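The structure displayed is predicted, hence computed values, not measured ones.
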Amino acid sequence: MKERYELAYNRIHEIISETNIPEVYRAYCQETAVLLTSLDQVLVLAEGDGLQTVSLEHLKTWNTQFYDPLREDNYEKFYGNPRYCTEKFGEEQGKLMAYFYSRFRDGILDAYGGDRESLLLLMELFLQVYTVLTTEEDQPRWLKETLYYYVHDYDKYYTEKGIRRLLDPSLDRLVRIVTDSDLSDEKYLYYYGENITENEIATARYISSLPKEKIEKIATTYTEGYRQGFVAAGIDLSKKKTVNIRYNIGFEAVVREAVRQFAEMGLTPVIFMSGNTRPMGVSTTPASKQYIYDHRFDDALTLNHAIVKEKLSHAEEVFETYKELAYTFAGPAVIEIFGEKLFAPETKSESPSYTPEQQKLSVDYRRDYMLIQNRYIREEERSFTIIAFPIPEIGSDFEKIFDETIKINTLDMELYRKVHQAIIDALDQGESVHVTGRGENETDITVMLHELKNPEKETNFENCLADVNIPVGEVFTSPVLKGTNGVLHVTKVYLNQLRYENLRMTFEDGMIKDYNCSNYKEDAENRKYIKENVLQNRDTLPMGEFAIGTNTTAYRMGRRFGIEAKLPILIAEKTGPHFAVGDTCYSMSEDIVLHNPDGKEIIAKENECSALRKTEIEKAYFNCHTDITIPYDELGDIVVNTRDGKEITIIREGRFVLEGTEILNDME
């Protein structure tokens, strides 16, 4: 491998100054050559933990070199932009060359991770592309072939790499950044190799300035929520050995304390990052969200039945190899962030997109991959937790909002337990629930509930406090689909950081019958936007969850600071009723027996779709779950229709009126 690496590096270094490259491809090839040879300097240092010897100024220079091309107007003339490549090289070839350039940029994290083999594969891929561009006449054909065989030949390698970094604690480079770095020296932020902005720098400064007791409190809320998730589900945490910690760069002071607390539970941290166009694990402020959006369907360039079959076979083989690590994996513990600049993506015809056949293939692949994963990381034997905090981009009130968020994340659970119980007692008398909007909100929907065979011992709704899903503040159920009919409408909402104006969905027997929004002038564009990003390229989805959010403190924080649109779904879903499209909250774990604090068993854990899991599993699960919240100021009434023909009003004109819940109207 070392010999191959030297040969590849030397040849690429020559390309930087070559003059015989066809002019149309010269800048593309030479910019890529400069990128890859620059990464060699990083790699050499990272292999021996030598990044610590590099000055802060030099680390910042590298960060600027690698990420400035994506920022703001620079992206318009960036070879990773499919539109720019299409303008330069034509429609068919442009998509391929933008794809390749994006893959070459994967080498940034490979270099900082000291991964010589992965960087070598990208160098060799570039030399293949270079050869096609400089020697072949039918470049689109040969680029397609190069791409196909690259995906085909190295899928098992990349599958193993991805699964190992999720499960294997011996891959501890990122853990060591957290535990061993001098967190008072901002140099450590640049050891990741990710885009570093004022968000990450100011977050790190602020959290490091907090009293030790406050950092411990934040970490304890996070880790104790994780532990309580196992307790609530009756899962034996002592059998587990690893926890996957996910966070935004800048939160290392909290994560370091969390690592210590998880160690007291017998858990070793696993921390990974994937970066580039599919960021996961450790995250950062993207240099360009449009870049990520432009490449969301890159696999459309190669996706076919043979590739899918091969990928699933490799996944099963790799999970079998690492089955012991999978068995002792406890699940993810996630620190989300909110407050980023709101993003309205541009949908580009130049970006890769799925054919109708590929849409189905993609859906089938994600479902079948999850079924394989769940055989090794069993849903009924793992848990998770999610907590969220703001970042400085939220505005000048960042520190005040951060403190308010700590308050929200540590509200009195005993008070909420009692309030939730009053709501659940009313809901459990119901056959259905009728939800309406007010003002410009045109929601008018009836949600059907499961019949309780033994109301003294059974309940439809989970009393959700603050364990796996922090902060406290909702009661939720899996609705009966048949008879769940009506219109769900929200005047403005952000789902997975994408904006929707006047999002409207019509449900018939619990399935989405129609949908639209007003983001674009053409209805076809609006429907395509929703289908790709909410329906995940499906024709329909069921209503997987109905919930009533009760965290009026979070709602008031959003209104007071004018950040309602920037609240993450984790908090936003608690600020009004919400409806999730996709799977239920109990997907693939329907048979686990769960009880509320009052001792009643939660029986509404599936619907008519998930009930098919034992006979037609391809129709049972959708591997997506998107919460859509109606804020209190758009909410009209929530009324329970009982089986004996009575009505019980929980909320009227956006205010709680049910006895025992009125305190929510005045909570600050």
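Side-chain contact, D637 with T436: no donor N or O sits under 3.5 Å from an acceptor N or O. With no hydrogens or angles considered, a side-chain donor-acceptor pair links S283 and N248 at under 3.5 Å. The closest side-chain donor-acceptor pair between D299 and Y354 falls under 3.5 angstrom. Counted by atom type alone, N526 and E522 present zero donor-acceptor pairs between their side chains at under 3.5 Å. Judged purely by distance below 3.5 Å, without hydrogens or angles, the side chains of T550 and H420 pair a donor atom with an acceptor atom. Side-chain atoms of T285 and E200 form a donor-acceptor pair, as typed in the model, at a separation below 3.5 Å. Checked by atom type, the side-chain pair D444/H434 shows a donor-acceptor distance below 3.5 Å.
In terms of modelled atom types and a separation under 3.5 Å, the side chain of D397 and the main chain of K400 share no donor-acceptor contact. Judged by distance alone, with hydrogens and angles left aside, the side-chain atoms of T575 form a donor-acceptor pair with the main-chain N or O of A572 at under 3.5 Å. The backbone N or O of F622 lies less than 3.5 Å from a partner atom in the side chain of R538, making a donor-acceptor pair. For S589 (side chain) and I592 (main-chain N/O), no donor-acceptor pair under 3.5 Å exists by modelled atom type. Side-chain atoms of N596 do not come within 3.5 Å of backbone N or O of D598 as any donor-acceptor pair. Within the 3.5 Å criterion, the main-chain N or O of N533 finds a donor-acceptor partner in the side chain of Q536. At least one donor-acceptor pair closer than 3.5 Å links the side chain of S478 to the backbone N or O of A604.
To the nearest 0.5 Å, atoms CG (D666) and OG1 (T552) are separated by 8.5 Å. Residue L594 holds its CG atom at 12.0 Å from CD1 of I603, rounded to the nearest 0.5 Å. In this structure, NZ in K407 is found 14.0 Å from CD1 in I401, a value given to the nearest 0.5 Å. The structure places CG of L567 at 11.5 Å from NZ of K574, a figure rounded to the nearest 0.5 Å.
Under 4.0 Å is where a charged nitrogen must lie from a carboxylate oxygen, and between E564 and K566 no such pair does. Salt bridge annotation for E601-K457: absent, with no cationic side-chain nitrogen under 4.0 angstrom from a carboxylate oxygen. Ion pairing between E380 and R378 holds under the 4.0 Å rule for side-chain N and carboxylate O. A salt bridge does not link K418 to D412: none of the charged side-chain nitrogens sits closer than 4.0 Å to a carboxylate oxygen. The pair E404-R560 meets the salt-bridge criterion, since a charged nitrogen lies less than 4.0 angstrom from a carboxylate oxygen. Ion pairing between a basic and an acidic side chain is recognised when a charged N comes within 4.0 Å of a carboxylate O; K482 and E608 show no such pairing. Here D514 pairs with R527 in a salt bridge; the nearest charged N to carboxylate O distance falls below 4.0 Å. Classification of R367 and D364 as a salt-bridged pair holds, one side-chain N sitting under 4.0 Å from a carboxylate O. Residues E442 and R504 are paired through a salt bridge, judged by an N-O separation under 4.0 Å between the basic side chain and the carboxylate. Contact check on K605 versus E462 returns no salt bridge, with no Lys/Arg side-chain nitrogen under 4.0 Å from an Asp/Glu carboxylate oxygen. Using a 4.0 Å cut-off between a side-chain N of Lys or Arg and a carboxylate O of Asp or Glu, R296 and E532 qualify as a salt bridge.
Annotation: L415, atom CG; neighbour count of heavy atoms from other residues, nucleotides and ligands within 6.0 Å is above 12. Atom NZ of K492 sits in a sparse spot, with 12 or fewer heavy atoms from other residues, nucleotides or ligands closer than 6.0 Å.
For F398 and Y206, the gap between ring centers is short of 6.0 Å. Aromatic rings of F389 and F338 (six-membered ring for Trp) have centroids beyond the 6.0 Å cut-off, not under it.
Contact of the E662 side chain with the V657 side chain is not registered, since no non-hydrogen atoms from C-beta on lie closer than 4.5 Å.
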